Novice: 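Please see the structure below; I have some questions.
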Protein chains: 2
Amino acid sequence: MLEVNELTKTYQLDGFSVEALRGITFTIKEGEFVAIMGPSGSGKSTLMNLIGCLDRPTSGSVILDGQETSKLKDNQLASVRNLKVGFVFQNYNLLSRTTALKNVELPLIYAGIGSGSRTERAFEALKIVGLEERAGHRSNQLSGGQQQRVAIARALVNDPSIILADEPTGSLDSKSGTEIMNILKLLNDQGRTIILVTHEEYIAGYARRAIRLLDGLVTSDKRVGKK
Amino acid sequence: MLEVNELTKTYQLDGFSVEALRGITFTIKEGEFVAIMGPSGSGKSTLMNLIGCLDRPTSGSVILDGQETSKLKDNQLASVRNLKVGFVFQNYNLLSRTTALKNVELPLIYAGIGSGSRTERAFEALKIVGLEERAGHRSNQLSGGQQQRVAIARALVNDPSIILADEPTGSLDSKSGTEIMNILKLLNDQGRTIILVTHEEYIAGYARRAIRLLDGLVTSDKRVGKK
Ligand SMILES: Nc1ncnc2c1ncn2[C@@H]1O[C@H](COP(=O)(O)OP(=O)(O)OP(=O)(O)O)[C@@H](O)[C@H]1O
Ligand SMILES: Nc1ncnc2c1ncn2[C@@H]1O[C@H](COP(=O)(O)OP(=O)(O)OP(=O)(O)O)[C@@H](O)[C@H]1O
Ligand SMILES: [Mg+2]
Ligand SMILES: [Mg+2]
C-alpha cells in the first residue's frame with residue numbers, strides 16, 4: 001500500500017530552483033498495476049525517486065506500508081527500500097566494469113544473502129530476462145537493450161513487493177519489450193504492485209490505471225483497459 | 001555518399017569473442033533518410049559506430065564521401081568525423097557536470113570556432129530542440145528526455161552533412177518525439193543524409209528506406225512509406 005500526500009519537490013540549483021513536483025496526492029493499493037505518463041520533464045522520474053525512497057520530498061509525505069518514509073533515518077530508508085522495492089532506473093544505473101551477474105547480485109549483498117544462493121538467484125533472474133549467456137560479460141560490453149534487461153533482472157532479484165520501473169522498455173525492440181511486459185504482468189498476477197513510467201501507449205496498455213503528470217501536477221488518474 | 005563493404009566487427013573479450021557484425025554491405029546516397037532496425041543486440045549501434053568513424057571494423061571497409069575511413073590515421077578520422085558527421089548516442093554521452101550549452105559547444109570547439117559565435121550557435125541549436133531555458137543547467141540536473149534533446153542539439157550544431165541518430169527518441173514522449181522527427185525531416189528536406197536507429201515503427205515511418213539487422217546480418221533493405 002502506497003500513499004503520497006501533497007508531495008512537492010523543488011530542486012535548488014545555483015541561483016534558481018526547479019519545481020519538479022507541485023503537490024501530488026494519490027493512493028496505490030497492493031497488487032495494482034499503474035502506469036505513470038506525461039511529457040518529458042513533467043516530473044515522472046522525480047516522483048518515482050520519492051516513492052522508491054531514493055530521495056526526500058521538499059514537503060508532503062510518502063507512506064509505504066504504513067511507514068512514513070520521510071521520518072526515517074538514511075539507514076532505515078535504505079533497508080526499507082532494499083527489502084520492499086525493486087527499482088529499474090531510466091539510465092539503468094549499472095556498474096559498467098562489473099559483470100551482469102555481479103550487478104544483479106548487488107541487492108542480495110545488501111540483504112545479507114550468502115554467496116552461493118546469491119549467485120544462483122542472480123543467474124535465475126538473468127534467465128528470466130533472457131540474458132543468462134551474458135552473465136559473465138561486463139555491462140559496458142553489452143548493448144543498450146541488454147543493459148536495460150540486466151537492470152530489470154537486478155530489480156526483480158530480491159523478490160520485492162513493489163516494482164518501480166522508469167521507462168523499462170525505452171531501449172528495447174517490440175519483441176524484447178513485450179517479453180519484459182509479460183514478466184511484469186506475471187509478477188503482478190502473483191500479487192506484486194507494479195508502478196511503471198512509460199511514454200509508449202502500448203506499454204501503458206498493460207496497466208489497469210494511468211496517472212498523467214504535466215508540469216509537476218496530476219492532470220488525470222483513471223482506470224484503463226486490461227490487456 | 002556512404003558505402004559499407006563486407007563489414008564485420010568482432011569484439012574480443014576476456015577469453016571469448018562476440019561477432020556483432022558478420023558481413024554488412026550497402027550504399028546510402030546523399031540526401032537519403034534511412035531507418036536501421038532490428039532486435040536488441042542485433043548490431044545496430046556497432047554499425048552506427050563504424051559508419052560514424054568512432055570505431056574501426058575487424059574487416060571490410062567504410063567509404064565516406066570517397067574516403068576509405070579504415071585507412072585514415074586517428075587524427076584524420078577525428079577531423080572527418082567532426083566536420084561531416086553529427087552523432088546522437090544511444091546513451092547521450094554528455095558531460096554530466098557541464099552545462100547543456102557547453103555540451104552543445106563541444107563540436108564547435110573541436111572545429112576551432114571562436115567563442116562568441118560558438119555560444120550563439122550552440123544557443124540556437126538548443127532553441128531548435130526547445131531547451132533554450134535550460135542552457136545554463138548541468139546535464140545531471142536535466143530529465144532523461146531533456147538530456148536526449150541536448151545530445152540531439154550537439155549533433156546538429158556543426159551543420160553536418162550526415163546525421164547518425166541512435167534511438168534519438170527512446171526517452172521522449174510522443175509530442176517531443178514528433179518534434180524531433182520533424183526537425184530531422186526538415187534537415188533531410190534541406191539535403192542532409194539521415195541514418196536513424198529505432199525500434200519504434202512510427203519513428204521508422206519518417207524514413208524512406210529501412211535496413212533490418214538480425215544477429216549481425218542484413219535481413220531486408222527496402223523502400224518504405226513516406227510520411
Ligand atoms: N564494447 C563492447 N564489447 C563487447 N561486446 C559488445 C560491445 N558493444 C556491444 N557488444 C556486443 O555486440 C552485440 C551487438 O551490440 P550492439 O550494441 O551493436 O547492439 P544493438 O543492436 O545496438 O542493441 P540495442 O538495441 O540493445 O541497443 C551485442 O551482443 C553486444 O553484447
Ligand atoms: N537532479 C536534478 N537537479 C535539478 N533539476 C532536476 C534534477 N532532476 C530533474 N530535474 C528537473 O526537474 C524536472 C522534472 O524532471 P524529471 O526527471 O522528473 O522528469 P521526467 O518526467 O522523468 O522526464 P523524462 O520523460 O524526460 O525522463 C525537469 O525540469 C528537470 O530538469
Ligand atoms: Mg524521467
Ligand atoms: Mg544499440
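Heavy atoms only: backbone and side chains are in, while hydrogens, waters and symmetry mates are out. Quick note on labels: first sequence line is chain A, next is B, and so on, each numbered from 1. The model shown is predicted, which means the values in this text are computed figures rather than measured ones.
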Novice: For A/Thr46, is it the side chain, the backbone, both or neither that has a heavy atom under 4.5 Å from a heavy atom of chain B?
Specialist: neither

Novice: Would B/Thr119 and B/Glu105 count as having a side-chain donor-acceptor pair, cut-off 3.5 Å?
Specialist: yes

Novice: Specify which of A/Gln146, A/His137, A/Gln90 makes the most heavy-atom pairs with chain B at under 4.5 Å.
Specialist: A/His137

Novice: Is it the side chain or the backbone of A/Ser143 that comes within 4.5 Å of chain B heavy atoms, both, or neither?
Specialist: side chain

Novice: Any donor and acceptor pair, going by atom type alone, linking the side chain of B/Gln148 with main-chain N or O of B/Glu167 inside 3.5 Å?
Specialist: yes

Novice: With chain B as the partner, which of A/Lys44, A/Arg149, A/Gln147, A/Lys175 has the greatest number of non-hydrogen pairs under 4.5 Å?
Specialist: A/Arg149

Novice: Which region of B/Thr198, side chain (C-beta onward) or backbone (N, CA, C, O), has a non-hydrogen atom less than 4.5 Å from a non-hydrogen atom of chain A, or is it both or neither?
Specialist: neither

Novice: So which heavy atom on B/Ser45 is nearest to which on B/Asp166, and how close?
Specialist: OG-OD2, 2.6 Å

Novice: Relative to chain A, which of B/Ser171, B/Ser174, B/Ser176 shows the most heavy atom pairs under 4.5 Å?
Specialist: B/Ser171

Novice: Between A/His199 and B/Asp173, what is the shortest heavy-atom contact and its length?
Specialist: CB-CA, 3.5 Å

Novice: Quick one: what part of A/Glu200 sits under 4.5 Å from any heavy atom of chain B, side chain, backbone, both or neither?
Specialist: side chain

Novice: We want to know whether B/Arg208 and B/Asn188 form a side-chain donor-acceptor pair, criterion being a heavy-atom distance below 3.5 angstrom.
Specialist: yes

Novice: Verify whether one side chain among A/Thr58 and A/Thr8 offers a donor that lies under 3.5 Å from an acceptor in the other.
Specialist: no

Novice: Minimum heavy-atom separation for A/Ile24 to A/Leu47, with atom names?
Specialist: CG2-CD1, 4.4 Å

Novice: Identify which part of A/Gln141 has an atom lying under 4.5 Å from any heavy atom of chain B, answering side chain, backbone, both or neither.
Specialist: side chain

Novice: What part of A/Tyr92 lies closer than 4.5 angstrom to a heavy atom of chain B: side chain, backbone, both or neither?
Specialist: neither

